[in-house]
Amino acid sequence: MKSKTKSTEYNHQKIEKKWQKIWKLMRVYKTSEKGKKPKCYVLDMFPYPSGTGLHVGHPRGYIASDVYARLKRMKGFNVLHPMGYDAFGLPAEQYAIAHKIHPRKAVEENIKTYRKQLDLIGFSYDWSRSVNTSDPGYYKWTQWIFLKLYSSWYNKIIEKAEPIENLIKIFEKEGNENINAACSSDARKFTAEEWKIAGNLDRQNILMQYRLAYQGFSEVNWCPQMGTVLANDEITTDANGKQVSERGGYPVEKKTLRQWFLRITAYADRLIEGLDDLIWSPHIKEIQKNWIGKSIGSDIEFSIKGRQEKIKVFTTRADTLFGVTYVVLAPECDLVKKLLPAVSNRKEVEKYIADVKSKTDEDRMSANKDKTGVILEGIKAINPANLEEVPVFVADYVLANYGTGMVMAVPAHDERDYAFAKKYNIPIKEVISGGDISKEAYIGEGKLVNSGKFDGMNNLEAIRKITAFVFGKVVTRYKMRDAVFARQRYWGEPIPLIHNADGTITPVSEKNLPLKLPNVSSYEPIGTGESPLAGVKEWVEKGYETNTMPGWAGSSWYFLRYMDPHNKTKFVGEKADKYWKQVDMYVGGAEHATGHLLYSRFWNKFLFDYGLIVEDEPFKTYKNLGMILGSDSRKMSKRWGNVINPDDVVKNVGADTLRIYESFMGPFDQEISWSTDSMIGSRRFLERVWKLQEKVVNKYSDNEEVILLLNQTIKKVGEDIESFSANTAVSSMMILSNLLEQQEKISRKTYLDFIKILSPFAPHICEEIWFRFRNRKLLVLEKWPKYDTAKLYSSKAKIVVQINGKFRTTIEVPADSLQDAVEEEALKNEQVVKWILVQKINKIIFIKNRIINFVIASQ
RNA sequence: GCCGGGAUGGCGGAAUUGGUAGACGCAAUAGACUCAAAAUCUAUCGAUCGCAAGGUCAUGAGGGUUCGAGUCCCUCUUCCGGCACCA
């Protein structure tokens with residue numbers, strides 16, 4: 001065997017093509033559920049295959065997870081590393097309309113492009129497990145899960161979803177008097193008798209208030225000119241500040257439409273609690289927590305003088321009840337309508353409500369914080385704590401959709417109430433912090449304290465006491481609302497429900513799933529606000545639901561399908577699910593924190609409730625990545641002309657260089673600008689590694705410095721990959737290669753160990769080098785090298801000598817030397833002596849192998 | 001406004017978690033090779049004083065704790081992200 005391998009030029013194109021072909025032929029990335037190895041499920045967020053293809057930013061996360069997956073494989077894990085396509089959704093539909101091509105066709109073509117682009121970069125995906133959410137074989141199960149949600153309710157006593165049949169049995173037995181369930185806010189109490197005599201439609205309406213997928217109404221953005229509903233993304237503001245469609249610039253208004261909802265709020269508590277055990281970056285958890293927005297407060301009733309109706313307010317500060325000086329109702333509040341006839345300034349109030357309605361949400365929110373409102377003359381609310389009469393206002397700073405839409409105002413302790421009270425000259429009464437509940441303790445003089453600041457009583461105990469005192473109820477509320485689960489669009493999963501002529505709804509039976517999306521000639525809006533499916537005769541005749549599911553339906557469970565993608569009888573088989581359990585490492589963008597990441601957790605918990613899967617949480621570890629911006633520090637987009645196509649990079653400098661560069665460019669979770677200039681450094685690095693082949697000899701022992709650094713690097717690179725610090729991993733390998741370059745000879749073992757730890761980052765070049773050293777087995781199947789703990793540290797230690805904490809010089813001593821020895825050595829040093837001179841040493845601070853600090857100045 | 005994360009050379013960024021600030025890479029400068037250029041190699045590369053040895057100042061600003069602070073504490077400035085009249 002030749003001791004030196006003749007080095008040729010590093011031809012990345014040839015090498016990358018060659019090994020991609022061989023890996024594919026040998027199916028090295030194919031995974032199965034067999035064997036005794038521990039498992040590791042490494043997942044990327046699957047892309048939406050757009051018409052513009054991948055840009056250089058997309059692979060950043062894919063590269064990081066691929067490096068991780070490769071390391072795990074080499075460390076002996078059975079790795080599941082799949083990739084697929086999130087193919088339903090609005091962008092595909094828009095692309096299709098713009099290009100006059102059927103979305104299915106467009107998606108097919110785009111997927112081909114994506115696959116080609118991804119393949120060029122050399123990812124270690126098991127493509128045999130790929131999924132496409134718009135494939136009927138896939139969305140059959142999306143529909144199946146929807147039906148499961150539809151036929152479930154949430155039992156709050158056992159904190160679990162259950163079949164709706166259980167609920168019906170309870171209704172039959174005892175009505176809903178004692179039920180503790182997640183339900184719509186308008187659910188009323190009824191008895192078993194009432195249930196028995198109720199008609200089918202009544203029963204349906206009642207059940208709808210409990211189902212986890214339910215029908216309801218919501219406001220949408222409606223564009224009369226285009227005859228279609230628009231997503232928020234499709235709307236911009238024109239020069240006059242009016243809301244208009246992004247395409248065409250047509251006016252947009254609000255319209256109430258029939259929708260389907262998912263009762264995600266049922267899971268609010270579990271979605272918060274579940275975060276504790278997840279290894280996610282804290283700020284992502286924080287975003288989810290904020291979004292869910294749990295707050296504990298009290299429902300308290302104020303009676304209205306001389307009337308039957310009650311004003312039911314929600315407050316988190318029941319302890320300030322004695323400071324209430326007025327009550328506010330939201331303009332949309334039903335109670336306002338009921339009270340209007342008795343209001344003496346009725347005209348004024350009606351005008352105010354009309355004005356508010358004409359404002360857009362944005363106007364209302366951004367209206368420079370100036371509070372507006374109008375008093376309901378002739379109406380007085382009675383504070384249940386002290387039976388004081390207070391005025392009632394209608395004001396738009398109270399939102400109809402949070403809490404009860406009615407608020408007790410305590411200007412002394414709430415900034416907004418304070419601003420309002422100042423403007424309308426309402427008294428401001430401070431509540432004195434005190435111990436027991438007695439009127440005296442709470443009633444103070446009418447002077448202002450710093451808004452909102454009220455120590456002492458702001459605790460649950462006080463709130464409980466006073467809430468009980470006024471016969472209120474301590475309740476938990478959430479900001480999060482139920483998710484609208486319907487789109488008036490063509491390109492989505494059909495909702496598998498049938499509307500019968502009598503108004504009842506029947507689910508499509510399981511054996512008839514998938515309910516396939518019909519092939520229509522026109523998938524453009526039909527002008528009524530309904531989905532294009534409403535224009536398909538056979539569809540409507542059969543009574544099928546014309547709304548389709550939103551883009552996030554398919555992505556809410558795809559991680560489960562990868563475990564068992566070809567299962568025809570279940571969305572995931574028991575065996576596969578028990579084996580893979582959950583995603584161990586999930587990588588993707590932080591922008592999905594309140595969307596996909598929340599919905600997926602919700603669906604996963606729901607399926608878990610039924611024992612259909614074994615894990616409550618889908619993603620154990622989640623690493624969020626920062627975006628790659630264009631070299632001009634703007635988002636890469638056609639509009640700015642700053643898009644870099646990975647295909648070009650791969651062609652010019654190679655996939656390995658791209659992989660190294662994207663790993664090296666900066667911390668993974670930070671946004672960073674692309675720099676083609678900087679990339680050259682990564683290419684140079686690989687070329688130097690390539691050239692090192694010439695220095696390799698068979699029988700040679702490396703010097704201590706090389707051996708130490710090699711061992712340290714093996715350790716560091718392994719640890720850095722695990723913690724997603726690829727940038728420092730690459731830098732440490734550069735340091736090693738720099739040292740190896742200085743050597744005249746390198747041992748074969750050292751070089752090949754280096755190649756092994758480099759291979760997750762640059763698999764092609766490493767496989768080629770490995771091959772050139774006449775290894776028969778493929779490098780991708782090799783084990784990760786072990787470092788020798790005895791060879792991590794030098795036998796000598798460099799000690800920093802400080803005088804008064806200031807660096808003065810370094811000395812070299814045997815490793816692990818004790819203080820006395822180091823002291824003695826240090827005091828021999830000229831530099832040290834010079835600084836100490838005749839001054840007395842007050843104190844010596846010594847840290848083994850690191851530092852000795854002489855403190856001489858007296859304090 | 002509230003919550004979360006940042007701010008380090010000309011640039012991207014390191015820093016053993018309180019212990020030599022600026023690793024590694026890019027750019028730049030000089031030199032070698034070349035007829036020349038590119039590529040490659042070698043050296044320099046925070047500011048400042050000094051012939052040098054070496055010193056002083058430097059991690060957004062200002063205070064503090066400590067033998068010692070980029071790292072911990074307080075105040076402020078500023079940038080990015082999330083939520084936003086949430087009662």
Side-chain angles (χ1 to χ4, degrees), chain A residues 281-291 293-295 297-298 313-318 320 328 330 364-367 369-372 395-399 401-410 413-417 419-420 452 477-480 590-591 593-594 624 626-627 660-661 664-667 669-682 684-685 687-688 691 712 716 725 727-738 741 798-810 830-831 834 842-847 849-857 859:
Chain A
S281 77
H283 87 278
I284 301 284
K285 289 189 185 184
E286 203 59 37
I287 290 172
Q288 284 208 351
K289 265 186 205 159
N290 279 343
W291 180 263
K294 179 176 180 168
S295 61
S298 321
V313 304
F314 173 69
T315 175
T316 53
R317 295 297 307 276
T320 62
V328 192
R364 245 176 100 166
M365 281 188 274
S366 61
K369 300 246 169 184
D370 191 27
K371 309 260 177 301
T372 62
D396 69 353
Y397 81 89
V398 170
L399 306 175
N401 52 24
Y402 182 73
T404 56
M406 307 179 221
V407 164
M408 62 177 222
V410 188
H413 302 288
D414 183 284
E415 267 179 81
R416 293 156 298 172
D417 297 344
F420 191 81
R477 282 189 201 273
Y478 305 92
K479 270 197 273 186
M480 180 174 67
E591 67 273 19
T594 57
N624 54 288
M627 214 186 308
I660 293 277
Y661 174 58
F664 180 61
M665 63 195 304
D669 55 358
Q670 248 170 61
E671 216 172 58
I672 197 159
S673 304
W674 179 264
S675 162
T676 302
D677 282 348
S678 293
M679 189 170 58
I680 192 74
S682 302
R684 283 184 194 144
F685 166 60
E687 276 174 11
R688 285 204 293 268
K691 270 206 196 127
Q712 287 164 1
K716 181 161 175 59
S725 314
N727 54 332
T728 50
V730 172
S731 122
S732 66
M733 287 188 290
M734 285 172 169
I735 294 170
L736 178 59
S737 91
N738 288 346
E741 225 167 24
K798 207 163 129 196
I799 305 281
V800 170
V801 183
Q802 295 182 338
I803 313 285
N804 285 346
K806 258 193 180 141
F807 167 79
R808 289 306 170 195
T809 190
T810 59
E830 273 177 56
Q831 285 294 326
K834 186 179 103 190
N842 285 346
K843 198 171 164 189
I844 296 173
I845 294 181
F846 174 75
I847 294 165
N849 293 336
R850 199 159 289 170
I851 199 164
I852 183 155
N853 183 12
F854 296 98
V855 185
I856 53 173
Q859 298 287 339

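Every chain is numbered from 1 and lettered A, B, ... according to where its sequence line falls, protein lines coming before strand lines. In what follows, every heavy atom counts, from backbone to side chain, and hydrogens, waters and symmetry copies are set aside.
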State whether the distance check finds a donor on one side and an acceptor on the other, under 3.5 Å, for side chain A:K371 versus base B:C85.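 Yes.
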Check this for me: does the side-chain of A:E415 come within 3.5 Å of the base of B:G1 through a donor and an acceptor?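 For A:E415, whose side chain was compared with the base of B:G1, there is no donor-acceptor pair (under 3.5 Å).
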With no hydrogens and no angle check, is any side-chain donor or acceptor of [X] less than 3.5 Å from a backbone partner on [Y]?
X      : Y      : result
A:D414 : A:R416 : yes
A:Q288 : A:A593 : yes
A:S675 : A:S678 : yes

Specify whether A:Y397 and A:F420 have parallel, tilted or perpendicular ring planes, treating 30° as the upper limit for parallel and 60° as the lower limit for perpendicular.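 Aromatic pair A:Y397/A:F420 classed tilted.
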Just checking [X]: base, sugar-phosphate only, or nothing, at a heavy-atom cut-off of under 4.0 Å?
X      : value
A:N738 : sugar-phosphate
A:E286 : sugar-phosphate
A:K289 : nothing
A:S675 : nothing
A:I287 : sugar-phosphate
A:I735 : sugar-phosphate

Rounded interatomic separation in angstrom, taking CE from A:M733 and P from B:G25: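 From A:M733 CE to B:G25 P: 13 Å.
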In whole Å, I'd like the distance from the CZ atom of A:F807 to the C1' atom of B:A69.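 Rounding to the nearest Å, CZ of A:F807 and C1' of B:A69 are 17 Å apart.
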Name the residue closer to the 5' end of RNA chain B, choosing between A:V407 and A:I803 according to the nucleotide with the nearest heavy atom.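 Upstream on the strand: A:I803.
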Comparing A:K716 and A:I851 on RNA chain B - which has the more 5′ nearest nucleotide: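 Final value for this comparison: A:K716.
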Polar pairs (N or O, both sides) under 3.5 Å between protein and nucleotides 39-47 of chain B?
| residue | atom | partner | partner atom | Å |
| --- | --- | --- | --- | --- |
| B:U40 | OP1 | A:R684 | NE | 3.1 |

Do the side-chain N or O atoms of [X] get closer than 4.0 angstrom to the phosphate oxygens (OP1, OP2) of [N]?
X      : N     : result
A:Y397 : B:A87 : no
A:K843 : B:U66 : no
A:R808 : B:U56 : yes

Let's test this: given Watson-Crick or G-U wobble pairing with both distances under 3.5 Å, identify the partner of [N].
N     : value
B:G50 : none
B:A30 : B:U42
B:G4  : B:C80
B:C72 : B:G64

Polar atom pairs between nucleotides 11-13 of chain B and protein, under 3.5 Å, N or O only, would you list them?
| residue | atom | partner | partner atom | Å |
| --- | --- | --- | --- | --- |
| B:G12 | O2' | A:M665 | O | 2.7 |

Taking the six-membered ring for Trp, are the ring centroids of A:Y478 and A:W291 within less than 6.0 Å of each other?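 No, they do not, as the ring centres are separated by 6.0 Å or more.
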